[in-house]
Student: 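Quick one: this structure, given as structure tokens, is what I'll be asking you about.
Every chain is numbered from 1, with letters handed out A, B, ... down the list of sequences.
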Number of protein chains: 4
Amino acid sequence: MRKDPESMRKSPRQSRAQQTLDDIFEATARIFEAGTPAPLNTNKVAERAGVSIGTLYYYFPNKQTLLRAMALREIKRQEARFLACIAAARPEGRYAVARAVVREAMAPLNGRKEVRRYLMVQVGLEPVVHQSLYAALNRVTDNLLEAVEIDPVIVSPERHFLLLRAMLGPVRAAALNVPQMLASPAFENELVTQFVAQLTALQSEPPR
Amino acid sequence: MRKDPESMRKSPRQSRAQQTLDDIFEATARIFEAGTPAPLNTNKVAERAGVSIGTLYYYFPNKQTLLRAMALREIKRQEARFLACIAAARPEGRYAVARAVVREAMAPLNGRKEVRRYLMVQVGLEPVVHQSLYAALNRVTDNLLEAVEIDPVIVSPERHFLLLRAMLGPVRAAALNVPQMLASPAFENELVTQFVAQLTALQSEPPR
Amino acid sequence: MRKDPESMRKSPRQSRAQQTLDDIFEATARIFEAGTPAPLNTNKVAERAGVSIGTLYYYFPNKQTLLRAMALREIKRQEARFLACIAAARPEGRYAVARAVVREAMAPLNGRKEVRRYLMVQVGLEPVVHQSLYAALNRVTDNLLEAVEIDPVIVSPERHFLLLRAMLGPVRAAALNVPQMLASPAFENELVTQFVAQLTALQSEPPR
Amino acid sequence: MRKDPESMRKSPRQSRAQQTLDDIFEATARIFEAGTPAPLNTNKVAERAGVSIGTLYYYFPNKQTLLRAMALREIKRQEARFLACIAAARPEGRYAVARAVVREAMAPLNGRKEVRRYLMVQVGLEPVVHQSLYAALNRVTDNLLEAVEIDPVIVSPERHFLLLRAMLGPVRAAALNVPQMLASPAFENELVTQFVAQLTALQSEPPR
DNA sequence: GATGAATGAGAATTCATTCAT
DNA sequence: GATGAATGAATTCTCATTCAT
């Protein structure tokens, strides 16, 4: 990996190019979920995507850039899913929203677990990536507060930051160590309870 | 990496050998903390440790085994630190204990961050390692509960699992995205507050 | 070729290592003289040297460095040959020295032509290399002047610079375009005549 | 590079096509003079020329052919410049002609140095190219002799060959190692002196 | 005439590991 | 116990060239 430009080499101008790009992304994802133990390699990605290795490097100047692009894509997708489930649960009230968010956090780990693990490991430390994740979580939190009718401005930055992350950390730990916990209603209930407790606290006590 | 015996080749009894081992561990750790972006390789470790690559392979049959041993060592050290700070704060009561644990969680990330990240990435999926981490956190939680005089048996496994992890996740996220938050008293207070709230809840509400 | 450190990775400490190094150098040279049309590649060099590709990279961090080391070695060898032939011809007087130098310039092109061409093309522009060549030619010129009993200090830098190069340029051109000229006594005589004329001029006319 | 027809695929008759060709040539030249260290590649040439890679391959069946065409073009241009400066200086006599030729040799190296180096390296060994260069220098020499009123037929092939080359070699060496020498009047004078000395010798001594 | 996406053989380089000394 | 030279399979990446549109 010689150079490391921030972004892709080419923005596709022909329609087939967009298809190729998607093929590459999906192939990369599938390799992980298929449980290949060996670490990703560009030849495998290309082969699995049904394109030549040259094509892969036509779009991405190096492996890092491909992984970075995938990470940003996963982050966007996850944000969209959170926003969607919040919107769907909103009419049913605060409790429903909390539960929806918790479930969404627990759900996708079955099926997208490996890609994310790997991506976060490989490019998670890159500023572009973790800042993008940070921004996405901020937007989700804002959206969530709005859905449960809490004015975001009364929430201190620290609480804002904690709200989702106090839940996401344990979920990830469970996925790794005690996968069966992800299927346990008791665990889900506990997370929802704490989540709602946080939301309630946001209103009763004035932010510092 | 052809073979992968569970443990180290030799348990050195001579002090010189123990010194060599420690050198190797510390060299590996320093490579990360020095911010080397390039991925670790065994030759680099050996050179940095001031031993020959042959010596490294005399002690460890392969790279995995070295990394695994390091991971287990880090886990043990972290457990010891938690236990120590709990013991120290115990006489001052529940609040002090909570704050001590939060501070310990926030502190070491400055200085040992990279090694851990890398180790967890490389060998974190190995059962020996994540089970060891799981067990260590369990012991710390038990110790903590005992220190604040809560009977562990009345605590549901889910709550037991959540207690520390609801705090560790956000702390890691902060270290990555908003490092200045780790120095913010507001953030620390928030974590302590939620932590104490959890402890209190453990007593008032009976587990499911 | 990622990085480009000035020099070799390792200085051999074991005796077999020096042998390996020589093998690599000679193999590289032989590949050219064998008339392989395709440009040099590191795998071929290793194979021809009878070492593995890993060994080659154990000594040289990259291809550039190998070529640079070879270029410097060729320059040193050529200098040595010039100095030797000057010393040998010295007792026979100015004319003999001039002819010896001209012959030496014409001779090695049969047998070492291709390596040099390639090396000068590949690394000739690198400061280390062309400065080394410059210095070598300076030393040869000084030695030559001394051999014909001309005090170097009375020679202007411009004339000093021209003395050998006015001959080397045409020799190279002939080697490329009219190889049979290198075997022609008339050509040799012409070069010797001009060379002696230059030497004579150095004494009669005071330097500017 | 599979096939290698001697010449260009199409002799463009439309002015647009000629423009495209010139763009390609100039782009290639500029890549070098801009000091790009990375070796030339056809995609870069096309991009820099503002044409698609497909267009480049419409005009040239392969890379060799493009480079060869460029080399022949450079040679022609340089010949034209020499002939022009000889013609211009002719009325002012032998000394003026000699100085004009020396200056022309020194001048263009600032600005066209890299392209020529590269071209001579890449295609300089091809018979078409070096014979073309040889012929061009022959014509310039003939023209020069005529301008100073020396009958070419009395000049031996060896002296004919040496006349210009004894000057061109040192000029190139100076450009590489001691660029400031190219601006030094002393160096220019020295070259002119030797050049005139050669011309004079051509008349006084009968060729062998 | 022109485009640019796609190809794939081939080249450079890495690094875990072995083994003679 | 210790050394470090040597290995080579595996991986990343390049670039001349083709061809459907």
Student: Distance check needed: dC13(F) P versus Leu67(A) CG, whole Å only.
Tutor: 10 Å
Student: Write down the distance between OH (Tyr57(B)) and P (dT18(E)), rounded to a whole number of angstrom.
Tutor: 7 Å
Student: When you measure from the side-chain N and O atoms of Thr42(B) to the phosphate of dC15(E), is any distance below 4.0 Å, counting only OP1 and OP2?
Tutor: no
Student: I'd like to know if the side chain of Gln19(C) pairs up with that of Asp23(C) as donor and acceptor (distance under 3.5 Å, no hydrogens or angles considered).
Tutor: yes
Student: Please enumerate all residues that pass side-chain contact (heavy atoms from CB on, under 4.5 Å) together with Gln131(A), with sequence neighbours excluded.
Tutor: Pro127(A)
Student: Give a yes or no on whether the backbone of Ile24(B) and the side-chain of Thr28(B) come within a donor-acceptor separation of less than 3.5 Å.
Tutor: yes
Student: Whole-Å distance between dA10(F) C1' and Leu40(A) CG?
Tutor: 14 Å
Student: Send over the distance from Lys63(C) NZ to dT12(F) P, rounded to a whole Å.
Tutor: 21 Å
Student: Which whole-number value in Å describes the distance from Ile24(D) CD1 to dG1(E) C1'?
Tutor: 12 Å
Student: Using the side-chain contact (heavy atoms from CB on, under 4.5 Å) criterion, which residues pair with Ala29(B)? Sequence neighbours excluded.
Tutor: Glu26(B), Met70(B), Arg112(B), Val115(B)
Student: Would you check if the side chain of Lys76(C) reaches a backbone N or O of Ala71(C) as a donor-acceptor pair within less than 3.5 Å?
Tutor: no
Student: Whenever both distances are under 3.5 Å in a Watson-Crick or G-U wobble pair, mark it; put DNA chain E into dot-bracket that way, with [ ] for crossing pairs and | when the partner is on another strand.
Tutor: .||||||||||||||||||||
Student: Listed by chain and number, what are the side-chain contact (heavy atoms from CB on, under 4.5 Å) partners of Ala46(D), not counting sequence neighbours?
Tutor: Val51(D), Ile53(D), Leu56(D)
Student: side-chain contact (heavy atoms from CB on, under 4.5 Å) with Leu176(D): which residues, sequence neighbours excluded?
Tutor: Leu125(C), His130(C)
Student: Sequence neighbours excluded, which residues qualify as side-chain hydrogen bond (donor to acceptor under 3.5 Å, both in side chains) partners of Ser132(C)?
Tutor: none
Student: Which nucleotide, dA16(F), dT18(E), dT11(F), lies nearest any side-chain atom of Asn41(A)?
Tutor: dT11(F)
Student: Could you state the atom-to-atom distance from CD of Glu47(C) to P of dA12(E) in whole Å?
Tutor: 13 Å
Student: Can you sort out the partners of Thr42(D) under side-chain hydrogen bond (donor to acceptor under 3.5 Å, both in side chains), two or more places apart, ordered by chain and number?
Tutor: none
Student: Quick one: which protein N/O atoms are closer than 3.5 Å to N/O atoms of nucleotides 6-9 of chain E? Pair and distance per line, please.
Tutor:
{"residue": "dA6(E)", "atom": "OP1", "partner": "Thr20(A)", "partner atom": "OG1", "Å": "2.5"}
{"residue": "dA6(E)", "atom": "OP2", "partner": "Tyr59(A)", "partner atom": "OH", "Å": "2.4"}
{"residue": "dT7(E)", "atom": "OP2", "partner": "Ser52(A)", "partner atom": "N", "Å": "2.9"}
{"residue": "dT7(E)", "atom": "OP2", "partner": "Ser52(A)", "partner atom": "OG", "Å": "3.4"}
{"residue": "dT7(E)", "atom": "OP2", "partner": "Thr55(A)", "partner atom": "OG1", "Å": "2.6"}
{"residue": "dG8(E)", "atom": "N7", "partner": "Gly54(A)", "partner atom": "N", "Å": "3.2"}

